[in-house]
Amino acid sequence: MKTKLLIVGIASVSLVLAFCVAQYSVSSQTNHNPLRVDVETDKTTYLPGELVTLHISIVNKSNTAIPLPVDATVQDGNLRVFISKESLPFKEYLGPGWGTRDRAPSKPTTLNPGQAFGTDATILWNQTIETSHLNPAYAQQQGSERLSNAYALGKPGTYDIKVVLRDPTTRENLESIPVQLTVAEPQGEDRDVWEEIRDDANYGLFMQSGGLLESPEEQKTIRIALSLENLLSRHPNSKYAPVMRSGLAKRQRGLQRPSQDDFEN
Amino acid sequence: MKVPRRSTDWRPAGRTKRTRRLLGLALLMVTMALIAGLVNHSTSAVQPLSDNCGFLWFTPSEPNGYQHFTATDCSQAVAETFSYPIAGITPALTITAANGRFAWWGDWIYGTTTYSANNQACGTQTITVSFSRPVLSVRLQPSTFGAGPGYGSNSLTITTSGGDSTQVQKAPADNNFPPTSLTAPFPGTAITSVMITANDGLSFTLGNVGYLLPENDCYPVKSLEMVAINSPLDTNPNIGGGQRVFPDKLTASDNADRKRVRIKAYTASGANKTIYFKSFDLDDPSSSTSPVDPNDSSGPTGNDNRGIPSSGVMSLAGGSGSSNTISVVTDSNGIAQADLSLSMQPGDNFMVAASADQTYLNAITIDGISLREGGTYGSQLLPTYRGQVTAMLTVWRRVHIEMDSMGLVSGNKATGKTSTVVPHAATNTTDITASTTLEINRFENGRITLNNVGTFSVLSNSANMITVQGLINSVPHNTSYTMYDDDDFNNNNGTNLVGDNGENVTAPDISLLQDSDNPAVNAFAVAYVRPKYDVGDYNDLVSFKLNTNTTSPANIIGSYDFDAKASEADNSFWTVYLLGAYQAWTDEDGDPNTDNLTLGIVDNINGQGANVFNELLRSPETTITTYVNNAATSAHEIGHLFNGQHGDLGLMEQSSTRSSTIFTEITLNRIRSINHP
């Protein structure tokens, strides 16, 4: 009888210990990374087709200086953006030119305690993935990972956006707490503008990057540019005016000699 | 009716040692003959003797009432021939007995007899069954009229008109020889006669004879062949073997249907035999885990092709179909032909089965890269006598890479005139005021030439000041200078830096993008893709850009001279662009050394083309390793055009942390799932 009690007791203690270790492990996983990723937006309410700028900070929350992978940007592909609409599963957003830059090894930046590395990323046009040629299982596999709308935030509703930093050295992922924003139904003049651009996501691509997926002097680009110029001239005070101006300006600079300011995400 | 007397003991008395040796030798010879007889038959799937499907049977009977022949010596052995009109054979079968008259006994049918009280052999006893038109197979079970010694032969040789033969032995305690089937080889001539010979010259009975007319063959499909139509077939070099086909266009303007292969079922049944074809999506042998093969959790499982329809489409030859099954009748040569239309995704694999039994075909299941019988038919792997299969056929794709390189380097310098020149003896340096605005420290480790003064190493520069090594004490005002940074894309200038002026930028290194099946030189081979270099004009004088504008996809595309871009989005003719460029944008070009280095870039994931930056893919700008070099960068960038991403790791990992030149399964899955790069 005493032996049985002893065995039960040892087993119980073991179970408790294992639970505590697991808890510690989970907690450690959550807390052990000396970095933290923060993301914020300029405002909380947007219109569909409006440019959303994410201000991303990678913070050293430890007491020691630590290296930061220098290619911690969306263009390098180590910062990834995920969007969830109305609490649906998060799917990856891929902006124009994201994840395309192959960087050579170099000395990483060091973040001192409390120091942050900042970078921006914009959300407007989403690169969709073709799946109609695939059988349903693979279409679902490929499509389940990526956002399927060409305008990433093209429908009114509530969206949660999170940023995931992949450390290429440790290959660990570090997620930000999602930031929430609302996409509202455009009204009045804004609605007029949206009605003209919403069915062709090339407008979004142009406004975000200053061009399309073709050479800057190709016909479709010229057509979109002229169309936006016309739209801007008719609606100079629309909430879309800044992003239209920005896109047109980027294109102009690209045709001349772009400045370093254009090197943004 | 006289009853033949049956000897109770036929064995000769008193065996000698020599006799035993002779008997042993005879036994050995009989065994070898048996083996030879077995080898003469096909080793392919054989219809079981218990399966009489299609066979007709006749029981020869004495046409003139019974005769029996009891001989006391061999002089009474004679030959006899009888013809029989047999249903299904026109005009008849003919049965001939040689060296022995036919006899009919009450309970045994049709045999020879040289029976005598001593069961004597009287020469070679033979019965020949001749068919007035050829048959595909004959079944026999000869016997003797009793078991044991004294009741006739124990050893027969059965030979077809085609020369196939087999020997059958009867156990002394048995009066039946083993059932024997002889089948005409395919292809080959059918059987016109069968001769049964008693090796020991003693009597035997013919028994019932089964025969298979060509039109009655229940299992007519003897072989299945896959034949190229518009796309050649060759050996699949990847795991699983079988055959390979490239169903894509040969050129951008090609309009031939190259997705089809012809399937031919060969029968010996003549015309109008209905044959059923069915295509199957075999298991992917290249992987058993997700994401490449996500349905193998319980073992190799088919129905994992990416394209649609995943099992392919069967149709009449030259026709169109809507499912993976079709029925076709044979032509006058006994051949049934159908077409299999394939999907377009690389690595998709197929197998076609054919049978005259549709239920059998529908019961077949996929077993890895084989097909297996199912239902009530058993569980053999195909091919069986009921169904034949083709080899596994795997889809491969080509990616046509238009490869160019930038032309002669120009303008990689700064020029101006001096205003102030200030030497600093303490540091052995001299500061020179620049007459143009400079990118800060772009020219560090570069070289400046002051006209009529000399050449000096540049240590650093600000926006308007140049610091050189050494002391320059006397420089006329407004002395012209030419200044170069440390660029030297082919490392041929040494200390005499000239900004590569006038040198032709080289093409990308395609050591890992070879038109080859060898994964060591074609990183895409394991994804069932072959690079081709048959589009564009190999322009090695593409407009030179000192710094490729990488600020947007459009600006990157603006650097291309993509002649074949019209087919860039053609899913039947994969086309991409690869440019040997100089260096990336001004803050990514390693000038100054604190700059990041971008070694390569595409315009977009799944975009049109790629730049590979020669000036940066060299030592000492970049530490060149097995994984970080021009070839790896070129293959990596093309991988982006197939949706590959840095997080896939393997060859898709950024050069900053790459430790492999092989695509991971994540990337392989992306490559094989793409519509077009």
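These numbers come from a predicted model, not from an experiment. Every heavy atom of this structure was used, including side-chain atoms; hydrogens, water molecules and symmetry mates were not. Naming: A, B, ... by sequence-line order, numbering from 1 per chain.
Two residues are said to be in side-chain contact when any heavy atoms from C-beta on lie closer than 4.5 Å; B/Ile308 and A/Leu134 fail this criterion. You'll find the side chain of A/Tyr138 stays beyond 4.5 Å of the side chain of B/Pro291, heavy atoms only. Residues B/Ile601 and A/Asp102 form no side-chain contact, since every pair of their non-hydrogen atoms from C-beta on lies 4.5 Å or further apart. In this structure, the side chains of A/Arg101 and B/Val602 stay at 4.5 Å or more apart for every pair of heavy atoms. With contacts defined as side-chain heavy-atom distances shorter than 4.5 Å, the pair B/Leu597/A/Arg103 does not qualify.
Rounded to the nearest 0.5 Å, atoms NZ (A/Lys250) and OG1 (B/Thr551) are 9.0 Å apart. Atoms CG and OG, from B/Asn555 and A/Ser209 in turn, are 8.5 Å apart once rounded to the nearest 0.5 Å.
The closest side-chain donor-acceptor pair between A/Gln141 and B/Asn669 falls under 3.5 angstrom. A donor atom on one side chain and an acceptor atom on the other are not found under 3.5 Å apart for A/Asn135 and B/Ser310.
A/Ala104 and B/Ser655 make their closest contact through CA-CB, 4.2 Å (heavy atoms, listed as atom of the first residue, atom of the second, distance). The two atoms that bring A/His133 and B/Ser673 nearest to each other are NE2-O, 2.7 Å, heavy atoms only. When all heavy atoms are compared, the tightest approach of B/Ile605 to A/Trp98 is CG1-O, 3.3 Å.
The contact between B/His646 and chain A is made by backbone and side chain atoms together, counting heavy-atom distances below 4.5 Å.
Checked for salt-bridge contact, A/Arg166 and B/Glu653 meet the test: a charged N lies under 4.0 Å from a carboxylate O. Salt-bridge check for A/Glu214 with B/Lys565: failed, with every basic side-chain N at 4.0 Å or more from each acidic carboxylate O.
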